[in-house]
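Every chain is numbered from 1 and lettered A, B, ... according to where its sequence line falls, protein lines coming before strand lines.
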Amino acid sequence: MKIVTYNVNGIKARLPRLLEYLDEQQPDVVCLQELKASDETFPIADIRAAGYGAVWHGQKSWNGVAVLAKGADPVERQRGLAGETEDDHSRYLEAEVATDFGGVVIASLYLPNGNPLPGPKFDYKLRWIDRLAARARALLAEERAVVLAGDYNVIPNDDDTYSVRAMASDALMQPESRAGFRALVAQGWTDALRTRHPKGGVWTFWDYQAGAWPRDAGFRIDHLLLSPIAADRLADAGVDKDYRGREKASDHAPTWAMLR
DNA sequence: ATGCCTAAGCCCCTTAGA
């Protein structure tokens, strides 16, 4: 089964691209981020017409995450992360999707960008990683197939960016951001892309600015972390890079893992 | 050090993204 994470950067502006992607790739599960739409304006009718069920956690203008499943309705398990009652960002949605191997737990997450730094946005990012890690630990304890998929806004290694120098002062690459991500992975998760492409050099994001796409000046910030039971089924992982080059594209490309 | 480019809101410029 093909499980995808795709930061659409506006579901309304990206709907033609998304429907085209569903039609052409027929992914089994798609985690969306940056809907930039309220719950009421999520285009569920179009998604259903394409053959997908969905759960979503919207927010006007910013953030927003969803889980789509082909020919099935994902069953919501949790929205939002514990630990900060005043946090009203829609950045985490967890659901269960039925499979022929007993079902898979899917989380669609949109980790805070954290720029500028230092400052409250960076502090929020670091706290959010820790809150995610707490949830992740509980999920591992269930000893099931789990996939934590989303835009982590973390460049894990130096070979995950076209230029260490250009990104050195960015929140995506700070030692604290990396340490948080590394601590999460070290709980026992498998970074699907990294496992299949251990030498790096695989990008999931290309900035709209300064000709980043034609220069192939990208980096890897969209990740799929697999629990041990899910990792046992990992057959391949990659990026559907082609969609970044199409008309009215998101600045992220769909990033996927194939489970047997 | 800054703009580059895009989406959305609300009202044509500002905020935010990465």
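A perpendicular orientation is assigned to the rings of A:W213 and A:W206, their planes being inclined by more than 60° (bins at 30° and 60°). Ring orientation note: the planes of A:Y243 and A:Y21 are nearly perpendicular, at an angle over 60° on the 30°/60° scale.
For the contact set between residues 200-210 of chain A and DNA chain B, defined by any heavy atom under 4.0 Å, the members are A:F205, A:D207, A:Y208, A:Q209, A:A210.
Of the candidates B:dG17, B:dG9, B:dA16, the closest approach to any side-chain atom of A:W62 belongs to B:dA16. The listed nucleotides are B:dC10, B:dA7, B:dA18; the one nearest the side chain of A:K60 is B:dC10.
Phosphate proximity of B:dA18 to A:Y110: present, with a side-chain N or O under 4.0 Å from OP1 or OP2. Listed pair A:R14 / B:dT6 fails the phosphate criterion, with no side-chain N or O lying under 4.0 Å from OP1 or OP2. For the pair A:K248 and B:dA7, the criterion of a side-chain N or O lying under 4.0 Å from OP1 or OP2 is met.
Taken together through direct or relayed side-chain contacts under 4.5 Å among Ile, Leu, Val, Met, Phe, Trp and Tyr, A:V147 and A:V65 form part of one hydrophobic cluster.
Taking the six-membered ring for Trp and the full ring otherwise, the centers of A:H89 and A:Y110 sit at least 6.0 Å from each other. A:F219 has its ring centre no less than 6.0 Å from the ring centre of A:W203.
Note on A:N63: nothing from the nucleic acid sits closer than 4.0 angstrom, heavy atoms only. When heavy atoms are screened at a 4.0 angstrom cut-off, A:D151 is found touching the sugar-phosphate backbone but no base atom. Residue-level contact check: A:N153 touches the backbone only, with heavy atoms under 4.0 Å from sugar-phosphate atoms and none from bases. The residue A:K121 sits close only to the backbone: its heavy atoms come under 4.0 Å of sugar-phosphate atoms, none of a base.
Contact of A:N113 with B:dA18 (side chain to base): a donor-acceptor pair of N or O atoms is detected under 3.5 Å.
A:E94 pairs with exactly one of A:R135, A:Q78, A:H57 by the side-chain hydrogen bond (donor to acceptor under 3.5 Å, both in side chains) rule, that one being A:R135.
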